Amino acid sequence: MAGRIVVISGGGTGMGLATAHCFARDGDTTVLIGRRAEVVNRAADAVEGAVALPADLSEPAQAARAAGEIGERFGTVDVLVNGAGGNGTLEPGPDDPDAPLAATAHDWSVNFRGNTLTAVLLTEALRDRLASPGGRVLFISSIAAYRGSGTGAYAASKAALHPYAHDLARALGPRGVTVNVVAPGLVEDTEFFGGLMTEERRERLVGETLTHRPGTPGDVAQTLHWLASHAAAHLTSQVIQINGGAERGH
């Protein structure tokens, strides 16, 4: 299935970039979207046949512009990987001890804009351009969707992708388009923790796995690559956990 058009949001670093390399090895054309132009341009230079498309997908106008450019250049999208997002607590917020609700509103707004709205807006903007049949829509969620994230905001923003994916799978199934979610646990070599991961926390998270190791961007990328393959054509509306057994079932 070489020669497909693969759109990857959050494609400039971490799991998104690893996914781009996976598809590029098949000879697919990857369109890498990210809000930091210098990062996404550098990533595209490093991936064979990749195209950089800087955009803040939490802004409706920018999501529409990105989809329009993709449509004009490529027409049909074969695979859409929604990987944009991250840890909203790393974003600076209001520093006013007398306004705790303002800080709470900031935390929840930033997480939902970055992790939920980016995926929904890009998907809705491109849904009519998805290959029919054979299109694939993929979302990157998190183990936090099952067990929380401390404040609740990040976990909720990722968990929100699950029912959206189920609704989308129901709507797009008759077109031969599948929709699935991957939910990674601890994955190293990403920007998620912003350098704040302590060795004690790392040891605890690795200790929860049955494989006794952290995940890698390649673990997630290879799963996404398989879900986009012909072999996974009858798998849709599923959440695949990639966490070494740290969270099981569901």
Side-chain angles (χ1 to χ4, degrees), residues 1-59 62-74 76-88 90-91 110 113-119 121-123 125-126 129 136-142 158 161 182 184 186-195 197 214-229 242:
M1 298 180 67
R4 294 183 297 176
I5 303 302
V6 181
V7 176
I8 305 172
S9 71
T13 62
M15 292 178 280
L17 180 55
T19 301
H21 281 294
C22 252
F23 282 100
R25 286 192 286 271
D26 287 346
D28 295 329
T29 296
T30 56
V31 181
L32 309 184
I33 307 179
R35 63 176 178 167
R36 295 174 295 172
E38 70 281 3
V39 173
V40 76
N41 283 325
R42 184 169 61 246
D45 288 341
V47 178
E48 182 72 24
V51 175
L53 183 50
D56 182 348
L57 296 174
S58 69
E59 295 292 338
Q62 293 195 43
R65 174 184 58 79
E69 291 184 23
I70 292 168
E72 289 176 9
R73 182 161 181 178
F74 302 107
T76 298
V77 172
D78 297 288
V79 181
L80 171 58
V81 179
N82 288 290
N87 185 349
L90 299 179
E91 298 285 343
V110 165
R113 283 179 63 84
N115 293 304
T116 313
L117 199 57
T118 52
L121 290 179
L122 182 62
T123 301
L126 290 175
R129 295 193 179 278
R136 302 283 187 266
V137 180
L138 299 165
F139 297 92
I140 298 181
S141 176
S142 170
K158 285 299 191 180
L161 296 174
V182 299
L186 171 64
V187 176
E188 294 192 324
D189 298 323
T190 75
E191 298 180 344
F192 181 80
F193 295 101
M197 170 69 79
T216 69
D219 292 327
V220 179
Q222 291 289 351
T223 303
L224 291 166
H225 184 259
W226 179 78
L227 287 170
S229 72
I242 311 171

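Computed from heavy atoms alone, side chains included, the values below leave out hydrogens, waters and symmetry copies. Everything numeric here is computed off the predicted structure, so don't read it as measured data.
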Problem - Beyond-backbone contact of I140 with L224, side-chain heavy atoms, under 4.5 angstrom - result: yes
Fill in the blank from the handout: Closest non-hydrogen contact found for G11 with L32 is O-CD1, 3.7 Å
Exercise for the section: With the side chain counted from C-beta on, respond yes when T19 and Q222 share a heavy-atom pair under 4.5 Å apart, and no when they do not. Expected result: no
Problem - From R4 atom CZ to S229 atom OG, the distance as rounded to the nearest 0.5 Å - result: 7.5 Å
Exercise for the section: Begin from the C-alpha positions of D26 and H225 and carry the test side-chain contact (heavy atoms from CB on, under 4.5 Å) through to its verdict. Expected result: CA-CA 10 Å; D26 287 346; H225 184 259; 2.5 Å; yes
Exercise for the section: Taking the side chain as every heavy atom from C-beta outward, state whether L53 and V40 have any pair of such atoms under 4.5 Å apart. Expected result: no
Exercise for the section: Examine distances only and state if a side-chain atom of D28 and a backbone atom of I5 form a donor-acceptor pair shorter than 3.5 Å. Expected result: no
Practice task
Compare every heavy atom of A43 with every heavy atom of L17, then report the nearest pair and how far apart it is.
Solution key: CD1-CB, 3.8 Å
Exercise for the section: Using a 4.5 Å cut-off on heavy atoms from C-beta on, say whether the side chain of P184 contacts that of D219. Expected result: no
Handout entry: Heavy-atom closest pair, residues A20 and V47
Key = O-CG1, 3.8 Å
Problem - Least distance between heavy atoms, A119 atom then N115 atom - result: CB-O, 4.2 Å
Problem - Note, V182 side chain near L227 side chain (heavy atom, < 4.5 Å) - result: yes
Exercise for the section: Give the minimum heavy-atom separation between G49 and T29, together with the two atoms involved. Expected result: O-CG2, 3.6 Å
Would you mind writing out the side-chain donor-acceptor pairs for residues 62-69 within the sub-3.5 Å range, not counting sequence neighbours?
residue : atom : partner : partner atom : Å
Q62     : OE1  : D56     : N            : 2.8
R65     : NH1  : E69     : OE2          : 3.0
R65     : NH2  : P54     : O            : 3.1

Problem - Contact check, side chains of L122 and I33, non-hydrogen atoms, under 4.5 Å - result: yes
Exercise for the section: Of all the heavy-atom pairs spanning S58 and R113, show the shortest one and how long it is. Expected result: OG-NH2, 3.1 Å
Exercise for the section: Could you go through the side-chain contact (heavy atoms from CB on, under 4.5 Å) check for T216 and V187 one step at a time? Expected result: CA-CA 5 Å; T216 69; V187 176; 5.5 Å; no
Practice task
May I ask you to test the I70-V7 pair for a side-chain heavy-atom distance under 4.5 Å?
Solution key: yes
Problem - Residues in side chain to side chain donor-acceptor pair (under 3.5 Å) contact with T30, at least two apart in sequence or another chain - result: none
Exercise for the section: Spell out, as yes or no, whether a donor-acceptor pair under 3.5 Å connects the side chain of S9 to the backbone of G83. Expected result: yes
Fill in the blank from the handout: The residue among T76, L80, V137 that forms side-chain contact (heavy atoms from CB on, under 4.5 Å) with L126 is L80
Problem - Pair E48 + R25: basic N to acidic O under 4.0 Å - result: no
Practice task
Carefully, step by step, assess T123 and N82 under the rule side-chain hydrogen bond (donor to acceptor under 3.5 Å, both in side chains).
Solution key: CA-CA 8 Å; T123 301; N82 288 290; 3.0 Å; yes
Handout entry: Distance (rounded to the nearest 0.5 Å) between T118 OG1 and E59 CD
Key = 11.5 Å
Exercise for the section: Taking salt bridge (charged side-chain N to carboxylate O under 4.0 Å, His left out) as the test, write out the residues that go with R42, two or more places apart. Expected result: none
Practice task
Evaluate the side-chain proximity of F139 to V81: yes if any heavy-atom separation is below 4.5 Å, no if none is.
Solution key: no
